[in-house]
Amino acid sequence: MEGLSISSEPPSGNLARKIKSELAEIIEDPSRCPELWNDWRWQLKNRITTLDLIRELIPLTRREEEGIKRAKGRLKMGITPYFFSLIDRQDPKCPVRKQAIPRLEEFGVSSCEMVDPCGEDSHSPVPGLVHRYPDRVLLIVTDSCAMYCRYCTRKRMVGEEHPPMSTEQFENAYKYIKSKKSIRDVLISGGDPLMMKTEVLEHYISRLRSISHIEIIRIGTRVPVTLPMRVNTELVEMLRKYHPLYLSIHFSHPREITPDVARSCAMLADAGIPLGSQTVLLRGVNDRPVVMKKLMHELLKIRVRPYYLYQCDMAMGTGHFRTPVSVGMNIMEELRGHTTGYAVPTFVVDAPGGGGKIPITPTYLVSQAKGKATLRNYEFKIFNYTEPE
Ligand SMILES: *Cc1c(COP(=O)(O)O)cnc(C)c1O
Ligand code: SF4
């Protein structure tokens with residue numbers, strides 16, 4: 001089975017120059033060519049993957065130029081024109097830009113960083129499946145994404161744009177899941193599952209649905225944010241047939257919540273799909289409490305319930321994105337009690353080496369003695385709770 005057709009061979013010479021300037025014009029003003037702009041196949045075909053092209057579109061810093069050159073052999077650069085259009089071209093510190101354009105810092109690896117920071121490969125009973133927790137599994141169906149996040153925790157396996165999991169590989173994973181009655185939840189991830197053809201994804205989902213002990217199916221995706229036009233009626237009508245089905249959408253910054261993204265989430269929510277968010281805490285992108293709070297508020301407005309805030313994993317070349325754990329704790333402190341409870345995600349560290357997600361919260365239980373719990377609230381006021389005899 002094949003994935004979406006993605007052409008990554010850049011054209012050259014005069015043709016390339018012509019395409020470049022056309023693309024620059026469309027990015028400048030998408031309303032010139034809405035039929036192209038709103039066509040996700042066009043968006044994928046015209047992804048920005050080369051230094052030549054991006055130079056034409058944006059003044060690069062030296063560190064970015066170097067980063068893009070070096071990225072060729074590693075997690076490659078790939079940015080949809082749509083996502084690129086969210087970049088502030090005059091601002092090297094733009095939070096969208098930092099996520100999408102490689103920088104030289106990516107190639108300075110520190111000794112603690114790992115190829116497989118969450119020990120996924122060592123918890124894999126059959127290829128493509130990670131079984132870490134007793135009752136749920138992670139199924140990795142493709143290595144392709146619409147846009148490659150520079151901080152990706154799975155950069156070891158993402159971005160080669162191999163064909164998705166083969167039928168044979170899927171059948172092996174399927175057999176494993178079917179044989180383990182304790183598994184009640186399958187999380188389909190990648191790469192990005194929504195990069196697959198709808199009928200291929202449907203084949204996987206419907207096979208999983210046919211297993212009587214599978215209660216819920218979840219999909220982890222960033223496509224509604226980086227390629228919102230992919231969320232169309234065909235896709236949504238397919239997904240809604242397999243309820244209860246949940247979607248976890250990867251968001252990083254309030255600037256990502258555009259009218260297009262709002263529309264894609266509305267379609268999914270209207271189809272009865274509960275939407276959750278996943279956000280990686282990133283230095284210089286979303287590490288200020290005001291930015292994170294704004295993101296959480298904007299998510300609730302488009303019916304996405306904040307789910308996880310992740311400490312950035314110790315993946316190779318992520319040092320410039322990682323923050324101290326206290327930064328996340330402080331953000332949690334500034335959310336809980338200060339805003340809607342629904343706007344408060346769970347802050348987790350995915351334990352290096354494979355211990356699973358470990359929640360981190362500020363301490364509200366000040367002390368506990370016999371029959372009494374002493375607590376503090378979000379304003380640091382102290383309260384006593386007397387326990388029953
Ligand atoms: C995150 C993850 C899950 C799902 O965890 P939840 O806390 O249930 O969302 C399952 N398996 C693996 C390997 C994971 O990394
Ligand atoms: S969308 Fe997810 S899997 Fe893909 S590059 Fe970004 S973080 Fe990695």
Side-chain angles (χ1 to χ4, degrees), residues 47 71 74-80 83 96 98-102 106 116-125 128-161 164 173 177 182-196 215-227 230 246-253 256 274 276-282 285 305-313 315-318 321 345-359:
R47 277 191 307 177
R74 306 275 280 275
L75 177 64
K76 71 168 192 186
M77 176 175 73
I79 313 170
T80 54
F83 199 71
V96 176
K98 284 184 179 168
Q99 295 179 65
I101 302 180
E106 215 172 280
D116 177 15
C118 302
E120 291 180 332
D121 296 343
S122 59
H123 286 79
S124 178
L129 200 68
V130 184
H131 192 182
R132 161 137 51 237
Y133 298 107
D135 69 339
R136 55 211 190 279
V137 287
L138 171 69
L139 182 64
I140 296 175
V141 292
T142 174
D143 76 341
S144 304
C145 301
M147 188 280 288
Y148 293 105
C149 312
R150 304 322 304 172
Y151 50 85
C152 180
T153 188
R154 299 208 181 109
K155 49 165 81 168
R156 71 183 184 284
M157 57 160 83
V158 154
E160 299 285 320
E161 307 200 333
I177 296 167
S182 61
I183 300 172
R184 39 163 289 287
D185 170 5
V186 180
L187 170 53
I188 304 174
S189 183
D192 201 311
L194 298 192
M195 287 290 281
M196 293 195 299
E215 296 171 1
I216 65 168
I217 295 172
R218 298 192 269 173
I219 295 175
T221 178
R222 185 150 167 69
V223 155
V225 183
T226 52
L227 185 64
R230 167 71 177 106
Y246 288 69
L247 217 63
S248 293
I249 309 175
H250 172 172
F251 283 92
S252 299
H253 192 274
E256 295 170 354
S277 72
Q278 317 206 68
T279 299
V280 182
L281 179 58
L282 300 168
V285 173
R305 161 72 158 104
Y307 182 44
Y308 279 137
L309 172 63
Y310 291 96
Q311 176 70 13
C312 186
D313 289 330
M316 293 286 196
T318 54
F321 280 119
T346 304
F347 176 44
V348 292
V349 177
D350 214 329
K357 298 176 182 70
I358 302 177

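Predicted model only: the values in this text are computed from it and were never measured. Counting convention: from 1, in listed order, for ligands and their atoms alike.
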Exercise for review: Select one of side chain, backbone, both or neither to describe which atoms of E120 lie under 4.0 Å from any atom of ligand 1, heavy atoms only.
Suggested key: neither
Review point. Where is the nearest protein heavy atom to atom 5 (O) of ligand 1: which residue, which atom, and how far?
Key: K357 NZ, 3.5 Å
Check your understanding: Do the side chain of K155 and the main chain of R150 share a donor and acceptor less than 3.5 angstrom apart?
Key -> yes
Revision key, fill the gap. For V130, the ligand 1 atoms with a heavy-atom partner under 4.0 Å come out as 13 (C)
**Study point:** Closest approach of any protein heavy atom to atom 4 (Fe) of ligand 2, naming residue and atom
**Key:** C145 SG, 2.3 Å
Review point. Who's the nearest protein heavy-atom neighbour of atom 1 (S) of ligand 2, and how far?
Key: R222 CB, 3.6 Å
Check your understanding: Where do D135 and S182 land on the side-chain hydrogen bond (donor to acceptor under 3.5 Å, both in side chains) test, with the steps shown first?
Key -> CA-CA 5 Å; D135 69 339; S182 61; over 6 Å; no
Review point. Which one holds for R136 and ligand 1: side chain close, backbone close, both close, or neither close, with close meaning a heavy atom under 4.0 Å?
Key: side chain
Check your understanding: What residue and heavy atom of the protein are closest to atom 7 (S) of ligand 2, and at what distance?
Key -> H250 CE1, 3.6 Å
Point to revise | Non-hydrogen atom of R218 closer than 4.0 Å to ligand 1 | key: yes
Check your understanding: Do the side chains of L227 and M147 get nearer than 4.5 Å, heavy atoms only?
Key -> no
Practice item. Note the single closest protein heavy atom to atom 5 (S) of ligand 2, along with its residue, its atom name and the distance in Å. Key: C149 N, 3.3 Å
Revision key, fill the gap. Minimal heavy-atom distance between R132 and G355, with the atoms involved, is CD-C, 4.2 Å
Practice item. Please determine if atom 6 (Fe) of ligand 2 has an N/O/S atom from C152 lying under 2.8 Å away. Key: no
Review point. Just by distance, do the side chain of R222 and the backbone of A146 share a donor-acceptor pair under 3.5 Å?
Key: no
**Study point:** Y307 neighbourhood, listing ligand 1 atoms whose heavy-atom distance to it stays under 4.0 Å
**Key:** 6 (P), 7 (O), 8 (O), 9 (O)
Review point. Are any side-chain N or O atoms of R154 and backbone N or O atoms of G190, one a donor and one an acceptor, separated by less than 3.5 Å?
Key: yes
Practice item. Measure up the Y151 and F321 rings against each other and bin them: parallel (under 30°), tilted (30 to 60°), perpendicular (over 60°). Key: perpendicular
Review point. In terms of side-chain geometry, is the basic nitrogen of D116 or R156 positioned less than 4.0 Å from the acidic oxygen of its partner?
Key: yes
**Study point:** Atoms in ligand 1 with a heavy atom of Y308 nearer than 4.0 Å
**Key:** 6 (P), 7 (O), 9 (O)
